[in-house]
Amino acid sequence: MTSPTDCYAVFGKPINHSKSPRIHQLFAGQTGQSIAYGAQEVSAEQFKNSAKAFFANGGKGLNCTVPLKELAWSFADRRTERAKLSKAVNTLALQTDGAVLGDNTDGCGLIRDLITNHAISLTGTRILILGAGGASRGIIAPILEQSPGALCIVNRTAEKAVNLASEFGSMGPITGCGFESLKSLQFDLIINATSASLSDQLPPLTEDLLALNGICYDLAYANKPTTFVQWGMDNRALKSLDGLGMLVEQAAEAFFIWRGIRPKTQAVIDLLNSERCL
Ligand code: ATR
C-alpha cells in the first residue's frame, strides 16, 4: 500500500518566482516524506475563502507570503507565542483537533542563518534594523533573545520606529528613530527589513554607519546582489548577505512543524546558491 500524500502550498501575490515548492520538495526527498507542495496566486481579497477551501479539501498546511501574513494571523484559530509577538503568520498548520495553528518562522529562520550558517554571534553587538513594517516586527523578538548590546530600529517615518521600539521595550535594549538621528552612530550588524530592495532602492545610509568588520544582511534575496547587499560590499562589510539562507531556514522550520522532522538545510542552500545566475 502506498502512503497517502499530504498536501501543502504557498499562497501569495505575486507567487510565480517562489522558491518554496522547490525547497519543500527537496526537504521531502531528503527526509523520505510523501508530500505535495504547490504555489497558488492568492490576493488579499481572496485569501480567507481560498484558505478555507484549501483546508476543507484536505490540505494540511500553508505558507503565506506577501501580502497575506497579517490576514493569515487573523485566520488562525490558535497562534504560537512568536506569532502573537510578530502579529504576522507565515505558516498555518492543521491540528489533529481540526483547528488551524498560526506560527511565524521568519525570525527563527534569520537567527539560524546568522548564527548556525554564518557563525555570526549577536550577543553584545550593536544591531541596526532598517524599516519598521511587518518584516521588521517579525525579527525583533528573536534578535532581542540573543542579548545584543543595543538594537536600533530606524525608519523613513520615524514615528513608526519609535512606536515599534516601545512595544518591544520590555524585552531588551531597543530604541527607534529616523535616519537623521543615525549621525555618528556605528553598528556591527545592519539588517535591511525595508521593502526598498524590491524596487532597487536604498534607504539613506551614511558611509561610516557600518563598524569595522561589520556585517550587512538583506531580508530580501535576488539572483544578483540587492542594492543593500551591494552597499555593504562597497562599504567594506566583512560579509554582505541576502535572505536566501533565511528563506531556506524558515521553510525548514515550517516543514518541522508540519512533519515533525527537521530537514538538513546546508545542501539546499548550496544548491539554490549554485543556481543563481550571478
Ligand atoms: P513589510 O511587511 O515587507 O515590512 P511594509 O509593512 O509595507 O512591508 O513596510 C515596508 C517598510 O519599508 C517600511 O518601514 C517603509 O518605510 P515607511 O514606513 O517610512 O514607509 C520601508 N521602505 C519602503 N521603501 C523604502 C525606501 N525607498 N527607503 C526607505 N524605507 C523604505
Side-chain angles (χ1 to χ4, degrees), residues 12 44 64-74 79 81-90 102 104-111 113-114 122 125-206 209-210 214-221 226-229 231-232 241-243 246-247 250:
C64 300
T65 185
V66 176
L68 308 174
K69 291 184 186 181
E70 283 81 10
L71 291 169
W73 191 92
S74 305
R79 301 167 192 102
E81 276 311 307
R82 58 191 183 187
K84 284 180 196 162
L85 279 172
S86 62
K87 291 192 181 156
V89 154
N90 74 340
N104 190 330
T105 65
D106 285 334
C108 133
L110 170 69
I111 297 297
D113 194 38
L114 286 168
L122 307 190
T125 59
R126 297 162 295 175
I127 302 174
L128 177 66
I129 297 178
L130 313 175
S136 178
R137 174 184 285 282
I139 61 172
I140 290 174
I143 287 176
L144 288 174
E145 280 165 14
Q146 297 299 315
S147 305
L151 174 60
C152 178
I153 314 294
V154 64
N155 198 46
R156 204 164 50 174
T157 319
E159 196 190 356
K160 273 168 74 179
V162 172
N163 291 343
L164 199 53
S166 71
E167 223 183 285
F168 287 87
S170 63
M171 291 188 67
I174 180 172
T175 52
C177 63
F179 284 93
E180 68 291 344
S181 305
L182 294 179
K183 277 191 201 99
S184 77
L185 292 180
Q186 279 205 319
F187 297 90
D188 306 301
L189 170 63
I190 304 180
I191 298 170
N192 182 25
T194 71
S195 48
S197 290
L198 303 177
S199 48
D200 286 334
Q201 288 179 321
L202 189 67
L205 305 174
T206 51
L209 196 60
L210 189 65
I215 287 163
C216 289
Y217 195 106
D218 198 335
L219 300 191
Y221 62 88
T226 65
T227 41
F228 178 68
V229 167
W231 181 86
L241 307 163
D242 77 6
M246 172 179 171
L247 177 78
Q250 63 77 30

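Note that the structure is predicted; figures quoted are calculated from it, not measured.
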Ignoring hydrogens and geometry, is there a side-chain-to-backbone donor-acceptor pair from N104 to A88 under 3.5 Å? yes
Between the CG atom in L114 and the CG atom in L122, the distance rounded to the nearest 0.5 Å is 5.5 Å
Distance col, row L182:CG vs L209:CG, nearest 0.5 angstrom, shows 5.5 Å
May I ask you to test the F168-I153 pair for a side-chain heavy-atom distance under 4.5 Å? no
Side chains of S74 and V89: does their closest heavy-atom pair fall under 4.5 Å? no
Rounded to the nearest 0.5 Å, how far apart are OG1 of T125 and CG of L151? 9.0 Å
Among D188, L189, I190, I127, which residue meets the side-chain contact (heavy atoms from CB on, under 4.5 Å) test with I215? L189
For C216, run the side-chain contact (heavy atoms from CB on, under 4.5 Å) check against L130, L210, V229 and tell me which one passes. L210
Flag the pair R137 / K69 as yes when at least one side-chain heavy-atom distance between them is below 4.5 Å, and no otherwise. no
The reported gap from CD1 in I139 to CZ in R82 (rounded to nearest 0.5 angstrom) is 14.5 Å
Considering only heavy atoms from C-beta outward, does the side chain of V154 approach that of F187 to under 4.5 Å? no
Between atom CD of Q250 and atom CG of N90, what is the distance when rounded to the nearest 0.5 Å? 5.0 Å
Under a 4.5 Å cut-off applied to non-hydrogen side-chain atoms, are L219 and N192 in contact? no
Nearest-0.5 Å distance, SG of residue C152 to CG of residue L128: 5.5 Å
